[in-house]
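These notes concern the structure reproduced below.
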Amino acid sequence: MLQVPFIRQNKELVLERLAHKQFRELGLVEEVLALDDRRKQLTLAYDETQAKIKIASEEIGKLMKQGLKDEAEQRKATVAALKEQQGPINDQLNETEKQLHDTLIRLPNLPAAIVPAGKTPEENVEVKSGGDKPALSADAVPHWDLAKKYDLIDFELGNKITGSGFPVYKNRGARLQRALIQYFLDYNISKGYTEYQPPYLVNADTAYGTGQLPDKEGQMYFVGEDKLYLIPTAEVPVTNIYRDEILKDSELPVKMTAYTPCFRREAGSYGKDVRGLNRVHQFDKVEVVQLVHPDKSYAALDEMVAHVEGLVQSLGLPYRILRLCGGDMGFTSALTYDFEVYSAAQQKWLEVSSVSNFEAYQANRMKIRFKDSGGKPQLVHTLNGSSLALPRILACILENNQAADGIHIPQVLQPYFGAAVIAN
RNA sequence: GGUGAGGUGCCUGAGUGGCCGAAAGGAACGGUUUGCUAAACCGUCGUACGGGUAACACUGUACCGAGGGUUCGAAUCCCUCCCUCACCGCCA
């Protein structure tokens, strides 16, 4: 969430930036400031009364020891009167603090200066592209047909076992998944990321920390019996590793990577966009997360974009990198780059990675801090990116590399996959 | 799931109603000394929100797992919840 002192000092900027993100409820900014003013007043009143109570209480103790009972009783009456005063103040203070918090978390993060104007995905700006779109023969088919032809994925079986959107990978399909995961992790580790295997279920505090709660509650699967959420991305448990921690500045940057399955309810999407692997409820992803010094977060973002680009390039897939416009960005992000790969048989671009700088927005929720050179705690900046999400990568590999003699496996995957071609 | 014991600062650990934001030791950091390593000595060594300041200083309040309660006063007593450890049961 945004920091109140910053809002106070930069109100005009905040309003302008929120508008850039197509945020409608600009009145909330004034509300936050008003609530904060009230909070300060009430805090002052409460503290002053409380200080008097403390002093009187200490005196009571001393008077009792001296046997001055009447004096003590007098003081007790004073305290009682003070408490009567204090009760309503305390209630109002608690209520105000709650309102302030609830209002504050409704404000999204401010988009960075270079975020393009725009409302829809069409207005995202392509900043780079690479790789060549393959020239497929006329009888080229989409991945769901290839999956059947080579017995790689069984979508119907997933329907039977669980429901729509839970594919079953099989034989060489399963092995290819495993190869991709292993390759992605090795690539990340080679670039200095530390591997984690986090839990796949998280509690409410954790889901709140990265911004899944309270807004996106409906997008997560929830295990009511134990009040746990299935993670929609490894970002959630991994970033929360450092929740409520104060790091030394020498410990920054923290670079973490994790493979996890990801679970998304994705309610409301049907039709051909969700065919095959394009959109599923459970998928695999390898994630990278960084906690960095605030001065270095944009350099870190560039580094992560280059990192993911290297990975996509190594798979030989045609790709483009988009800088998301204000209206298409996530609630918590300050700047996001999406990676899309071109699915030749479907003739469309598929998002396979999203790399974002959240600046201090998540860190403020999670209270992830470091001690700066002056010894004062300061919020870190958090970043994360997919490197990479599997299903659409798999779809593109299958589709783009199909040939008369079978599907050609990218060279970098062959040691992991154990073969160069998937043929019947 | 059952029984028992616990949750105190970066760590260990004392503290069972007021003098406790909290002893002591260790770690860490800064400094002095030393030819190096090591050691010794001195100092610093929580966080949040207020007030105050140009900024410091200074100062108020809260926080001893979380939330309630008792009391003039709670780390300390009571209740609920969460978690940890040990043993038993079950189990990959």
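These numbers come from the heavy atoms of this one structure, side chains and all, not from hydrogens, waters or symmetry mates. A note on names: the letters A, B, ... follow the listed sequences, proteins ahead of strands, and every chain is numbered from 1.
- The distance between atom NZ of Lys227(A) and atom P of rA66(B), rounded to the nearest whole Å, is 19 Å.
- The pair Glu25(A)-Arg106(A) meets the salt-bridge criterion, since a charged nitrogen lies less than 4.0 angstrom from a carboxylate oxygen.
- Rounded to an integer number of Å, the gap from CD1 of Ile246(A) to C1' of rA48(B) is 10 Å.
- As a whole-Å value, the separation of Lys376(A) NZ from rA55(B) P is 10 Å.
- For the pair Lys371(A) and rC10(B), the criterion of a side-chain N or O lying under 4.0 Å from OP1 or OP2 is not met.
- Shown are Lys191(A), Lys296(A), Lys255(A); of these, the salt bridge (Lys or Arg N to Asp or Glu O under 4.0 Å) with Glu303(A) is made only by Lys255(A).
- If you take atom P in rG15(B) and the same atom in rU71(B), they sit 28 Å apart, rounded to whole Å.
- Atom NZ of Lys76(A) and atom C1' of rU71(B) are 9 Å apart (whole Å).
- Here the C1' atom of nucleotide rG50(B) and the CD atom of Gln50(A) are 14 Å apart, to the nearest Å.
- Residue Lys248(A) places none of its side-chain N or O atoms closer than 4.0 Å to OP1 or OP2 of rC10(B).
- The residues Glu217(A) and Arg265(A) are annotated as not salt-bridged, no charged nitrogen and carboxylate oxygen being separated by less than 4.0 angstrom.
- Atom C1' of nucleotide rU59(B) and atom CG of Leu44(A) are separated by 12 Å, given to the nearest angstrom.
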